[in-house]
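Okay, structure first, notes after.
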Amino acid sequence: METKKIQFDNMNNWIWIVILIISLIFILIGSFELIEFENPKLNKSISAIGFFLQVIYFSKMFWYKNYVQWNKKGVIVRINSFMGKTLRFDEIIKTELIEKKLIITKENGTTVTFDLNKITKSDQQKLNEIIVKNTITNTV
């Protein structure tokens with residue numbers, strides 16, 4: 001059986017933050033025509049580039065079959081599905097990795113289960129570690 005990897009994305013990556021800031025600057029310059037150009041179509045082009053950069057940033061999740069994106073507040077886990085599950089770390093009370101299943105119990109008693117059967121062992125452990133580490137950080 002072939003195992004698959006998970007693409008991990010910590011949202012604190014400064015390169016993506018810079019790209020988002022540049023895209024916002026391009027959108028503002030292009031939309032409000034803050035800089036006067038001889039060719040009026042240039043403002044529209046600058047604005048379009050800004051929106052294109054935003055599309056690239058927000059579509060990252062759909063580039064990979066298995067994708068995990070997190071920051072200090074929460075995590076989006078997309079394993080073998082089109083849409084992912086969003087979890088807030090301050091709502092998680094228990095995380096268990098049992099027989100290639102990640103079982104997350106939330107404050108309200110609901111459980112979220114991810115089938116990690118076809119995922120590499122190291123990525124299973126890394127996903128569990130990310131959730132456990134950030135859950136502890138947010139409850140202390």
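Position 1 is the first residue of the sequence, and the numbers go up from there. Source: prediction; values computed, not measured.
- F37 is linked by a ring-ring contact (aromatic ring centres under 6.0 Å, His included) to nothing, counting only residues two or more places apart in sequence or in another chain.
- In this structure, K65 NZ and K118 NZ are separated by 8.5 Å, a value rounded to the nearest 0.5 Å.
- Residues satisfying the ring-ring contact (aromatic ring centres under 6.0 Å, His included) criterion with Y57, sequence neighbours excluded, are W16.
- Proximity of R88 to K73: side-chain heavy atoms (C-beta onward) are nowhere separated by under 4.5 Å.
- Between the CD atom of E96 and the CD1 atom of I131 there is a distance of 12.5 Å, given to the nearest 0.5 Å.
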So F8 and W70, side-chain contact (heavy atoms from CB on, under 4.5 Å) or not? Walk me through it. CA-CA 8 Å; F8 292 96; W70 80 98; 3.9 Å; yes

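- Within the 4.5 Å cutoff, the side chain of Q54 has heavy atoms near those of the I27 side chain.
- Residues M61 and I130 do not share a hydrophobic cluster, defined by chaining ILVMFWY side chains whose heavy atoms lie under 4.5 Å apart.
- Rounding to the nearest 0.5 Å gives a distance of 4.0 Å between NZ of K101 and CG of D115.
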Stepwise side-chain contact (heavy atoms from CB on, under 4.5 Å) test for N134 and V75: CA-CA 9 Å; N134 287 289; V75 63; over 6 Å; no

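- Residues passing the ring-ring contact (aromatic ring centres under 6.0 Å, His included) test with F32: none are found, sequence neighbours excluded.
- Atoms CD1 and CE, from I76 and M11 in turn, are 6.5 Å apart once rounded to the nearest 0.5 Å.
- Note: the hydrophobic cluster containing I17 does not contain L24 (ILVMFWY, side chain heavy atoms under 4.5 Å, direct or indirect links).
- Expressed to the nearest 0.5 Å, how far CG of L87 lies from OG1 of T95 amounts to 9.0 Å.
- Look at K60 and D9 and you find a salt bridge, because one of the NZ, NE, NH1 or NH2 atoms lies within 4.0 Å of a carboxylate O, short of that distance.
- With a 4.5 Å cut-off on side-chain heavy atoms, L127 and L102 count as touching.
- Under a 3.5 Å cut-off, the side chain of S31 and the backbone N or O of L28 do not form any donor-acceptor pair.
- Two residues are said to be in side-chain contact when any heavy atoms from C-beta on lie closer than 4.5 Å; T105 and I92 fail this criterion.
- Rounded to the nearest 0.5 angstrom, L116 CG and I98 CD1 are separated by 12.0 Å.
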Derivation of the side-chain contact (heavy atoms from CB on, under 4.5 Å) call for K106 and I93: CA-CA 6 Å; K106 296 166 66 172; I93 57 171; over 6 Å; no

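- Screening residues 123-132 for side-chain hydrogen bond (donor to acceptor under 3.5 Å, both in side chains) gives T120-D123 as the qualifying pairs, with residues at least two apart or on separate chains.
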Take I119 and N66 through the test side-chain contact (heavy atoms from CB on, under 4.5 Å) and record every step on the way to the result. CA-CA 9 Å; I119 305 299; N66 303 307; 3.6 Å; yes

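- Residues I79 and K85 have side chains not in contact (no heavy-atom distance under 4.5 Å, counting atoms from C-beta outward).
- Follow the hydrophobic side-chain contacts under 4.5 Å out from I35 and you reach I49 in the same cluster.
- Just one residue in the list T135, T137, I136 forms a side chain to side chain contact (heavy atoms under 4.5 Å, CB included) with F89, and that residue is T135.
- In terms of heavy-atom proximity, K5 sits nearest to S122 at NZ-OG, 4.4 Å.
- Using a distance-only test at 3.5 Å, with no hydrogens or angles considered, a donor-acceptor pair links the side chain of S23 to the main chain of L20.
- Evaluation of the side chain to side chain donor-acceptor pair (under 3.5 Å) rule for N13 yields no partner, not counting sequence neighbours.
- In this structure, W14 has no side chain to side chain donor-acceptor pair (under 3.5 Å) partners at least two apart in sequence or on a different chain.
- Hydrophobic clustering (side-chain heavy atoms under 4.5 Å, transitive across Ile, Leu, Val, Met, Phe, Trp, Tyr) keeps V112 apart from I103.
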After noting the C-alpha distance and the side-chain angles of F82 and F62, does the key distance pass the ring pair (Phe, Tyr, Trp, His ring centres under 6.0 Å) rule? CA-CA 8 Å; F82 182 72; F62 302 107; 5.2 Å; yes

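- With hydrophobic clusters built from ILVMFWY side chains whose heavy atoms lie under 4.5 angstrom apart, F58 shares a cluster with F26.
- The backbone N or O of N43 sits nowhere less than 3.5 Å from a side-chain atom of S47 that would complete a donor-acceptor pair.
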